[in-house]
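Everything numeric here is computed off the predicted structure, so don't read it as measured data. Chain A is the first sequence line, chain B the second, and so forth, proteins listed ahead of strands; every chain is numbered from 1.
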Amino acid sequence: MEKHYDARSIEKKWYELWQKHNLFHSECTDGGEPYCIVIPPPNVTGILHMGHALNNVIQDILIRLRRMQGRNAIWIPGTDHAGIATQNVVERALKGEGKSREDLGRAAFIERVWAWREEYGNTIINQLKCLGASCDWQRERFTMDKGLSDAVAEVFVRLYDKGLIHRGNYIVNWCPRCHTALSDEESEHVEENGKLYYLKYPVAGDDKRFIVVATTRPETLLGDVAVAVNPRDERFKDLKGAKIILPVLGREIVVIEDDFVSPEFGTGIVKVTPAHDPNDFAMGLRHNLAPINVMNGDGTMNEAAGPYKGLDRFECRKRIMVDLKEAGLVEKIEDHKHAVGHCYRCNTAVEPRLSRQWFVRMKPLAEPAIKAVKEGRIQFIPARWTKVYLEWMENIRDWCISRQIWWGHRIPVFYCKTCGAEWSEKGTPEKCKKCGSASIYQDEDVLDTWFSSWLWPFSTLGWPEKNDDLKFYYPTNDLVTASEIIFFWVARMIMAGFEFMGDVPFRKVYIHGTVRDDSGLKMSKSLGNSIDPLSIIEEFSADALRFSLIMITATGQDVYLSNDKFEIGRNFGTKLWNAARFMTMQEENGGMRRSANRGVSDFSAVQLSPDDKHIIMRLADAIAAVTDNIDKYRFNDAAHALYEFMWHQFCDWYVEYAKDVFGGGDEAAKQRTLDIMHHVFSTSLLLLHPIMPFITEELWHVMGYAGAGDGVENMIIKTRWPEPAGTAVLERWGITKDIVDYVDSKHEIIRVGRTLRSDYGVLPSKKVDYLIKPDSEKTAELLKVDSGMIKALLRAENITIDPKLVPEKVMPSGVGKLGAIYMPLAGLIDVESEKKRLLDQIARLKEDLGRVTNKLANMDFVNKAKKEAVDHQRARKEELLEKTKKMEKLLETLSCM
RNA sequence: GGGCGAUUAGCUCAGUUGGUUAGAGCGCUUCCUUGACAUGGAAGAGGUCACAGAUUCGAGUUCUGUAUCGCCCACCA
């Protein structure tokens with residue numbers, strides 16, 4: 001076996017082999033309960049960041065575990081077309097050539113986007129493969145694929161015909177840079193330090209009188225059609241029916257009364273701009289005022305802005321303030337903090353803008369989705385997200401689904417120029433549905449990307465066609481995602497699931513934390529604080545990345561990352577490699593041969609040593625812990641259990657014990673120990689495989705557990721997940737709690753002995769003698785059998801085990817549950833300092849003993865506490881008393897000298 | 001403005017239904033090139049569990065309030 005563990009080449013090798021043998025693919029007919037996860041489709045423009053890495057590692061753990069458990073498990077991968085983001089990328093490239101999309105025209109532009117996708121669209125998919133993601137790549141989907149596009153059209157037509165999709169003029173979030181409407185979720189509110197401008201509007205017919213309005217966006221005054229006051233506001237009673245002169249433009253506007261206006265804010269008078277503010281729009285409707293739109297789609301001012309026509313909105317704001325100041329119409333300007341929407345794709349400040357858009361009525365869709373979560377048919381993990389979901393769903397607003405871009409699913413609505421008919425239909429009709437005229441045209445807009453993503457759990461399985469996959473795998477099982485897309489995606493998938501499949505899309509939603517840098521900021525490319533998973537993989541390996549990430553991520557908690565965290569996984573990998581190397585060396589150089597591929601696994605006929613029993617019991621615990629914790633989405637606990645078991649149980653104790661056995665002459669013991677090592681190690685590799693797939697697969701073969709050759713059937717990825725040995729089995733093997741406790745206590749006495757050595761500064765290279773005085777003959781016998789390994793682990797020259805031992809000189813001593821241990825050091829020990837050492841320890845014991853005694857003296861505790869708690873305290877008191885007594889005895893012997 | 005999360009060792013964090021002596025990794029101290037592994041081993045030091053109350057025989061854990069930090073949601077100009 002190679003001394004050096006070359007992780008990266010191992011990882012590349014195995015991924016290729018797994019793919020070559022099609023091991024991630026599962027047909028829906030080959031038996032086993034279904035288990036299905038769909039990937040949260042990353043943007044086709046995306047590059048892998050730590051958030052993706054965490055997300056996909058978790059899913060990979062789940063899918064690998066279920067696969068090993070014999071489930072018919074599939075993980076459907078894919079990407080979404082990311083309408084706005086992708087269009088932006090391609091437009092940027094065009095700009096480099098001095099062209100715009102209009103220069104190309106719609107058809108040529110879309111062709112160009114497809115070409116871009118051919119070339120770059122696989123980036124993130126390939127990166128997922130580096131991570132080890134065992135997706136069923138044969139099922140890879142793209143939201144613009146034929147099948148998924150068909151699903152989108154089908155859904156649109158159905159909702160349209162049902163009256164759940166409508167078109168209308170409303171104020172929407174408009175991104176002036178991307179030149180399109182956005183949904184509410186796509187507008188991210190960012191707190192900004194803005195200004196509140198107090199502007200004076202002259203009252204018509206009275207040159208001395210002004211009213212003062214407050215606004216954060218002075219440029220919108222150009223679109224004002226009224227000013228409003230609260231009808232109950234006494235201050236402005238006399239303004240009723242008055243006319244106001246709009247500054248700059250000189251237009252006469254009216255004063256209206258509306259309950260919306262709160263007398264406390266600003267001046268109690270509001271300018272009304274229906275085309276540029278949602279509240280004003282509503283007021284405009286109530287008071288029958290025609291909106292005046294003063295802005296173009298790109299954020300520049302239009303004709304209605306008069307002298308400001310052509311200016312950018314922010315430039316216009318500056319200029320209009322200069323002009324107003326000159327005219328003496330600015331009362332004051334205050335600092336004002338407020339949240340401004342920003343485009344989630346390009347971060348430009350969103351402009352509320354009146355425009356004609358398509359909307360989905362969400363209320364009816366939300367009802368069954370709310371019910372399902374309330375009834376627990378869909379569960380959020382951690383549960384707190386349930387509330388977040390329900391609150392949003394219960395206050396859901398209509399979804400603006402039309403986008404004024406070209407890359408995406410074009411809205412399947414057609415209009416007849418002849419008769420004016422409007423209808424929705426799949427495919428490309430040639431004639432008007434109503435009058436048969438050929439003079440028809442399709443809506444220019446495309447759909448929100450999420451309008452295809454929300455169908456993902458069933459569209460990827462082939463819907464609207466009915467097929468076996470869909471029947472078998474729907475509803476899917478787990479959805480693993482980050483909290484950021486609960487509204488965008490999770491909630492909408494649930495609604496679509498009910499509307500189109502009549503059932504939940506998945507049963508559990510596991511929301512993992514956000515990956516942040518070590519100062520707590522969300523990792524993002526624009527902040528420049530992201531750790532690139534690929535460079536971590538190059539530096540540490542994918543297994544190291546996976547293990548480390550999982551180890552430090554508590555269920556649903558945010559993760560704070562820095563480069564050094566990945567050493568955990570790397571070091572663990574190295575440790576495993578070397579443990580394996582120790583075992584192969586016994587066979588390569590030591591001339592030993594194990595009994596079977598993976599060692600024996602039935603110990604009924606084997607005479608086990610206490611240490612054998614101990615490790616087998618701990619292995620059973622580890623199997624149970626790993627399985628249980630993954631079932632509960634407690635991945636960090638699963639990783640931790642494995643780390644603790646393999647490193648601190650197997651390597652620290654069992655391997656050290658084995659060294660002693662292998663050094664001895666008992667051939668049967670050697671054989672048994674080697675077999676048990678292989679049994680334990682191979683089982684551990686299985687347990688670790690979901691988290692560290694590569695090193696486990698490599699060791700599986702290197703260690704010969706796969707049998708001859710590297711046949712597909714023998715890969716670890718196809719091997720069955722281990723079951724923990726039950727109590728009955730353990731009993732049959734003679735593995736009892738007593739004997740396991742004995743081994744723990746034996747370890748304790750070794751530690752006490754080592755502490756003596758360390759306390760007295762006896763170098764490890766110096767061989768010393770130890771004397772052990774067990775409490776009983778029975779313990780003495782057990783210890784005598786184990787004296788070889790005890791001697792080795794203490795690095796002792798000699799050990800004497802004698803229950804009747806009476807030390808005749810001053811020597812360092814300590815006690816454990818099994819008895820006392822002495823380290824004779826000729827002439828080095830001063831009675832007084834040794835006394836002091838023992839007294840200190842006794843004092844500490846007595847402190848504990850005092851606490852326990854008090855507790856047991858408290859009748860409230862004894863009467864009210866659970867029986868186990870009381871028993872436990874009693875046992876502990878016993879133990880402390882015992883230990884104190886032993887310590888005191890040591891002290892006594894010392895005093896006699 | 002509403003909601004949520006966090007506050008435990010020098011650092012980053014675990015601690016699931018209240019009940020042993022509050023744990024891990026990193027860092028730190030001392031020692032060790034012992035034939036699996038220095039990406040390692042052995043032994044240590046280090047914590048009034050943010051603060052104040054309440055419930056309880058018993059609180060890191062439950063409740064209330066306070067403080068600090070962070071996140072999400074929100075049409076008051």
Side-chain angles (χ1 to χ4, degrees), chain A residues 1 3 5 171 189 196 213-217 220 228 260-262 264-267 269-273 277-282 336 338-339 341 352 384-385 387-388 391-392 395 483-484 486-487 513-514 516 518 520-522 540 544 548 551-562 564-565 567-568 570-586 589 632 634 636-637 640 643-644 651-652 655-656 659 751 754-759 761-765 795 844 847-848 851-852 855 858-866 868-870 872-873 875-876 879-880:
Chain A
M1 183 177 172
K3 182 163 185 179
Y5 158 44
I171 298 277
H189 290 256
L196 191 56
V213 298
T215 180
T216 53
R217 293 180 295 153
T220 62
F260 163 76
V261 184
S262 91
E264 292 78 38
F265 191 89
T267 58
I269 311 182
V270 181
K271 60 195 272 309
V272 181
T273 324
D277 182 276
N279 295 310
D280 294 7
F281 179 72
H336 181 66
H338 62 144
R384 67 185 134 91
W385 294 108
K387 199 176 159 189
V388 175
E391 226 140 81
W392 187 76
N395 298 299
S483 61
E484 285 99 22
I486 291 182
F487 307 140
T514 305
R516 303 176 185 285
D518 51 2
L521 288 167
K522 183 171 164 176
F540 295 92
S548 307
M551 184 88 163
I552 63 177
T553 308
T555 309
Q557 220 50 45
D558 287 355
V559 206
Y560 294 77
L561 267 187
S562 54
D564 57 334
K565 298 272 166 64
E567 291 174 6
I568 302 172
R570 180 198 58 187
N571 295 356
F572 187 46
T574 308
K575 188 75 178 173
L576 295 177
W577 188 263
N578 284 299
R581 222 158 61 80
F582 171 77
M583 294 161 68
T584 51
M585 282 166 78
Q586 306 312 314
N589 312 329
K632 288 180 180 155
R634 300 180 68 89
N636 58 328
D637 287 344
H640 195 268
Y643 185 88
E644 161 66 23
C651 292
D652 285 356
V655 172
E656 292 307 313
K659 283 178 186 172
R751 274 194 300 267
R754 285 167 171 171
T755 308
L756 293 179
R757 190 188 266 274
S758 168
D759 279 356
V762 180
L763 297 186
S765 54
R795 302 197 57 71
R844 233 171 299 153
E847 240 175 73
D848 288 348
R851 264 198 298 269
V852 179
K855 214 170 202 178
N858 179 350
M859 288 320 283
D860 276 330
F861 171 69
V862 177
N863 294 331
K864 292 184 189 172
K866 272 182 281 180
E868 303 91 83
V870 180
H872 195 267
Q873 290 301 324
R876 179 158 159 65
E879 206 179 289
L880 282 168

Please report the distance, rounded to the nearest Å, between [atom1] in [X] and [atom2] in [N].
X      : N     : atom1 : atom2 : result
A:H336 : B:A77 : NE2   : C1'   : 8 Å
A:I486 : B:C71 : CD1   : P     : 17 Å
A:N636 : B:A24 : CG    : P     : 16 Å
A:W385 : B:C71 : CH2   : C1'   : 8 Å
A:K855 : B:U56 : NZ    : P     : 18 Å
A:F265 : B:A77 : CZ    : P     : 5 Å
A:D637 : B:G23 : CG    : C1'   : 12 Å
A:L756 : B:U30 : CG    : P     : 22 Å

If I pick the [atom1] atom on [M] and the same atom on [N], what distance separates them, to the nearest angstrom?
N     : M     : atom1 : value
B:G10 : B:A67 : P     : 26 Å
B:U33 : B:A38 : P     : 13 Å
B:U29 : B:U17 : C1'   : 40 Å
B:U61 : B:U20 : P     : 14 Å
B:G18 : B:A36 : C1'   : 45 Å
B:A9  : B:A50 : P     : 8 Å
B:G15 : B:U8  : P     : 14 Å
B:U21 : B:C28 : P     : 32 Å

- Candidate nucleotides B:G25, B:C75, B:A77, ranked by approach to the side chain of A:T216 - the nearest: B:A77
Main chain of [Y], side chain of [X]: is a donor-acceptor contact present, judged purely on distance under 3.5 Å?
X      : Y      : answer
A:S758 : A:R754 : no
A:Q873 : A:A869 : no
A:R570 : A:F540 : no

- Message: For A:Y643 and A:F572, take the angle between the two ring planes, folded into 0 to 90°, and tell me which bin it lands in: parallel under 30, tilted 30 to 60, perpendicular over 60.
- Response: tilted
- Message: Identify the stems formed by RNA chain B, where each pair is Watson-Crick or G-U wobble with both distances under 3.5 angstrom and a stem is at least 3 consecutive pairs.
- Response: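 In RNA chain B, stems of three or more pairs: B:1-7 with B:67-73, B:10-13 with B:23-26, B:28-32 with B:40-44, B:50-54 with B:62-66.
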Look at all strands and tell whether [X] reaches a base, only sugar-phosphate, or nothing, counting heavy atoms closer than 4.0 Å.
X      : result
A:S262 : base
A:K866 : base
A:R876 : base
A:R634 : base
A:I552 : nothing
A:A339 : base
A:F487 : sugar-phosphate
A:N858 : sugar-phosphate

So [Y] and [X], do their side chains get closer than 4.5 Å, heavy atoms only?
X      : Y      : result
A:F260 : A:V272 : no
A:F582 : A:V655 : yes
A:D277 : A:P352 : no
A:V388 : A:F487 : yes

- Note on the structure: Its contact letters, B for base, S for sugar-phosphate only and - for none at protein heavy atoms under 4.0 Å, make nucleotides 33-45 of chain B read -BSBB-BSSSSS-
- Message: With a 4.0 Å cut-off on N to O distance, would you call A:K632 and A:D637 a salt bridge?
- Response: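 Salt bridge flag = no for A:D637 with A:K632.
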- Quick one: do A:E656 and A:K659 make a salt bridge, cutoff under 4.0 Å? yes
- Message: Which residues pass the salt bridge (Lys or Arg N to Asp or Glu O under 4.0 Å) test with A:R851, not counting sequence neighbours?
- Response: A:D848
- Query: For RNA chain B, whose closest nucleotide is more 5', that of A:E567 or that of A:E391?
  - Reply: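 Closest to the 5' end, via its nearest nucleotide, is A:E391.
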